Structure formats: C-alpha cells, structure tokens
Number of protein chains: 2
Amino acid sequence: MLLSTKGDYGVRALIDLAKHVGEGPVQRAEIARRRQIPESYLDHLLAQLRRDGYLRSTRGPGGGHELAKASDEITLLEVLESLEGSLVPIECVNEEPGSAAGALCGQQWVWQDIYTLMLERLGGTTIADLVEHENQHEQRFAATYKI
Amino acid sequence: MLLSTKGDYGVRALIDLAKHVGEGPVQRAEIARRRQIPESYLDHLLAQLRRDGYLRSTRGPGGGHELAKASDEITLLEVLESLEGSLVPIECVNEEPGSAAGALCGQQWVWQDIYTLMLERLGGTTIADLVEHENQHEQRFAATYKI
DNA sequence: TAATTCACGACAAGTTGAGTCAAGATTCTA
DNA sequence: TAGAATCTTGACTCAACTTGTCGTGAATTA
Ligand code: FES
Ligand code: FES
C-alpha cells in the first residue's frame, strides 16, 4: 500500500475547506465530523499542511482553518508529498540507471516509467478537480433519488 | 513505498534463473551471491514462488531451482503479487465507486486510474523482457569500456 | 478573566519489514 | 548404509512505521 491514511485524510480535509471557501474559518471539529476523521489525528495533518503553506489558521473563538491558495492551484501531488513524503514506488527509482540497480535487478526502468505516469496524473489533478468530481457525484446521487 | 525488498529480491532471483535456463538446477547460494540477497531470506521467497508454480526445486547434491514456465510467460505482475500481495496503491480502489469513499474523499477515481495503468504495465512485462533489458545494459556497459 | 480554538510534543499499541536460526526432509554418492 | 549437499518450514527477533490519544500551552475574543 503506497498511501497511508495520512494522505487520504489530508486530502479529504482540503476538499472540505475548498467547499467552504469564502465562509470564514472552518473548525477542526467540523471537518473531522463531516469527513469522518479522528479529530486529534487530523490535528497533526492540518499542522503539517499549514507549515507547508496550503492553509492558514486562526486561534480563538470563531477561529479555524482556511485555504491559503486557490483550490485549483493545489495539486494532489504536492499535498500527498507534504503528508506522506516521497511517493516513489520503490527506492531505487531515484538512483541513476546503470548503478547497482541496473546490474543486479533490471526492473528499475519499469518502475521509473510507472512513477513518471503517477507524477503526471497526480501533478495534473488539483483540489478543485476533486471538488468538481465530488459535486457531480452528489448530483448523480440526488438524481437517482428523485427517480 | 509500494514495494518491499521481497518483490525486488524475488524478481532478481527469477531473472537469474531465466538466464541459466537449460543448465540444470541453480543453487540458492549461487543466486544469493550473484544477486546480493541474504541467502536465508531468499529462502522464503523461493519457497513462495515454488508454491505458486513459478519454479520447481530438487533437493540433494546437484539440486537447486529452475523455472517451471517459459520466462516470457511470467509477468512481472504475477510475481510481485505472489510475493507482495495486492499492489493496490490505496485500500479503497477495490470498493465500488459511490460507496463511502465517493462521498467522503473524492480522490478514489484518480487512484483507480493510476492503478489501471500500473496493472497494464506490470502485466505487459515479462521476465524475458527484463532479461533482454539487462543484456542490452551489459552490452552498453561493455561498449563504453572498449572506447 | 473565562471560553474557545489551534499548536506541539510525549506516549502507546499494533502491524509490517527484513532478516536469522535451527531442526528436519530429501536425494546423491561412496 | 553413512555422509554430505540441498531445500523446507516454522519460530523468533529487532527496528521502524502507522494510527492514533492526551495533556499542556499559546493566541484570540467577548
Ligand atoms: S533494485 Fe530497483 S527495481 Fe530492483
Ligand atoms: S477513501 Fe479512498 S481515496 Fe480517500
């Protein structure tokens, strides 16, 4: 498994914030409830995302978190790398080919290919895209309800 | 990290066996030495690969391991799944879309896409392909040596 | 000042990764 | 039949990571 819950929860939180942009700060507890994330764990994730500049937070009554950038300027890739660290599928993809890996293993190039595809996909998808998908999903759900 | 050393070592071993096909059984110790794998660990991996039918082994003096199939009929995908278990990048890719994941997260579809690409690549690459790549690599290496 | 909300670090239980080791089974050769 | 060579299997270890929980403290507002 490449992704732990950290990345998943973190993205969920950012989607939530993106959906409530312009409504003032959103509280941790609210995000946690809506997205089903343990609040005291979400704590750490929001802190990390703040440190990396994806959101800003204010303390005190009426405080909370809000996006620090436009949701279409935050790619899935950055967020996941912020929370999970590098997403390399196997360690040697960063080493230059022709080093030990090339001589001993011979599958390095396959994983470099796959990694490149991954980076393209994740780098080309923004939080705004995810929100849009979610909205469409909700509309479909509402439609089947009406029928 | 998606892959542990298990998958990597296992593939190395199969490549080694593929290169010595037709020369009788190859001993564990030899594979371990050539491919730099701890022998007593390689142990478990070969056992698993034998159970899943990718190689056969004989005991006693002169014994060892050999491929049980043609090297171009063993895909990287099967081998890795045999050794690592499922290669899903995140757990929910197998759940039907529209379940909890769709409502809470909204990034499921991205990972399903990536997973599909991964399966195509890994399923379309055989041990024979890896051996060929390795041979080409060696030739290039020899060439730069001559110059 | 009291209440609210985030910030940060310590801690803990469970799982996984990466091996190691030893006892046993099988086969070959002398 | 006695070794010797090989694979087979399961138990065991050690460290790191995951997924949290808690408690204290800091900032802000009313
Ligand atoms: S050493 Fe990198 S794929 Fe094997
Ligand atoms: S729940 Fe599957 S990607 Fe978030």
Side-chain angles (χ1 to χ4, degrees), chain A residues 1-13 16-17 20 24-33 35-68 80 83-92, chain B residues 1-13 16-17 24-33 35-68 80 83-91:
Chain A
M1 209 113 72
L2 184 56
L3 249 64
S4 68
T5 57
K6 270 186 211 148
D8 194 56
Y9 287 167
V11 171
R12 289 191 206 181
D16 204 76
L17 289 180
H20 293 80
V26 180
Q27 281 123 40
R28 211 169 52 186
E30 224 176 323
I31 304 175
R33 184 180 47 75
R35 299 285 161 167
Q36 300 198 11
I37 306 170
E39 189 182 341
S40 44
Y41 190 40
L42 179 56
D43 211 7
H44 298 330
L45 310 179
L46 292 177
Q48 180 63 40
L49 290 173
R50 186 186 55 75
R51 268 179 238 119
D52 285 357
Y54 299 109
L55 49 84
R56 90 178 67 89
S57 48
T58 50
R59 306 197 234 200
H65 305 264
E66 33 189 351
L67 289 188
L80 293 178
L83 293 167
E84 302 268 0
S86 169
L87 296 180
V88 294
I90 188 169
E91 210 188 336
C92 67
Chain B
M1 211 111 72
L2 185 56
L3 248 65
S4 67
T5 57
K6 272 186 209 150
D8 194 55
Y9 287 168
V11 170
R12 289 192 206 181
D16 204 76
L17 289 180
V26 179
Q27 280 124 39
R28 213 167 50 183
E30 224 176 322
I31 304 175
R33 183 179 48 74
R35 299 286 161 166
Q36 300 197 12
I37 306 170
E39 189 181 341
S40 44
Y41 191 41
L42 179 56
D43 231 13
H44 298 329
L45 310 178
L46 292 176
Q48 179 64 40
L49 290 173
R50 185 185 55 75
R51 268 179 238 119
D52 286 356
Y54 298 108
L55 49 83
R56 89 177 69 89
S57 48
T58 49
R59 306 197 235 199
H65 305 265
E66 34 189 350
L67 289 188
L80 293 179
L83 292 168
E84 301 268 1
S86 168
L87 296 181
V88 293
I90 187 169
E91 208 187 339

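Proteins come first, then strands; the chains are lettered A, B, ... in the order of their sequence lines, and each starts at number 1. Since the model is a prediction, treat every value here as computed from it, not as a measurement.
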For A/Arg33, enumerate each residue passing the side-chain contact (heavy atoms from CB on, under 4.5 Å) test, keeping only those at least two apart in sequence or located in another chain. A/Glu30
With heavy-atom distances below 4.5 Å as the criterion, would you say the side chains of B/Gln27 and B/Ile31 are in contact? no
Starting at atom CZ of B/Arg56, determine the distance to atom P of D/dC7, rounded to an integer number of angstrom. 15 Å
B/Asp8 CG to C/dA18 P, straight-line distance once rounded to whole Å: 10 Å
Whole angstrom is fine here: how far is it from CG in B/Leu83 over to P in C/dG19? 14 Å
When you check every protein heavy atom under 4.0 Å of nucleotides 24-30 of chain D, what one-letter string (B, S, -) results, 5' to 3'? -BBSBS-
Can you find a pair of side-chain heavy atoms, one from B/His65 and one from B/Val26, that are under 4.5 Å apart? no
Mind listing the residues from residues 37-44 of chain A sitting with a heavy atom below 4.0 Å of DNA chain C? Number order is fine. A/Asp43, A/His44
Can you tell me if A/Glu66 uses its side chain to pair, donor with acceptor, with the backbone of A/Arg56 under 3.5 Å? no
Between CZ of A/Arg12 and P of D/dT19 the distance, given in whole Å, is 12 Å
Determine whether A/Leu2 and B/Leu87 satisfy the following criterion, side chain to side chain contact (heavy atoms under 4.5 Å, CB included), listing intermediate values before the conclusion. CA-CA 8 Å; A/Leu2 184 56; B/Leu87 296 181; over 6 Å; no
Out of curiosity, A/Tyr41 OH to A/Leu46 CG, how far, rounded to the nearest 0.5 Å? 12.0 Å
Hey, could you give me the OG1/CZ distance between A/Thr5 and A/Arg12, rounded to the nearest 0.5 Å? 9.0 Å
Could you check how far CZ of A/Arg28 sits from C1' of C/dT5, rounded to whole Å? 7 Å
Between CZ of B/Arg51 and C1' of D/dG10 the distance, given in whole Å, is 11 Å
Report yes if a side-chain nitrogen or oxygen of A/Arg50 is closer than 4.0 Å to either non-bridging phosphate oxygen (OP1 or OP2) of C/dA7; otherwise report no. yes
Rounded at 0.5 Å granularity, tell me how far CG in A/Leu80 sits from CD in A/Glu84. 6.5 Å
Integer-rounded Å distance: D/dT8 P and B/Leu45 CG: 13 Å
Rounded to whole Å, how long is the line connecting atom CG of B/Leu3 with atom P of C/dA18? 10 Å
I want to verify a distance call: between D/dG20, D/dC7, C/dA7, whose nearest atom is closest to the A/Thr5 side chain? D/dG20
I need the A/Leu45 CG to A/Arg28 CZ distance, nearest 0.5 Å. 11.0 Å
Selected nucleotide, minimal atom distance to B/Ser57 side chain, candidates D/dG20, D/dC7, C/dA18: D/dC7
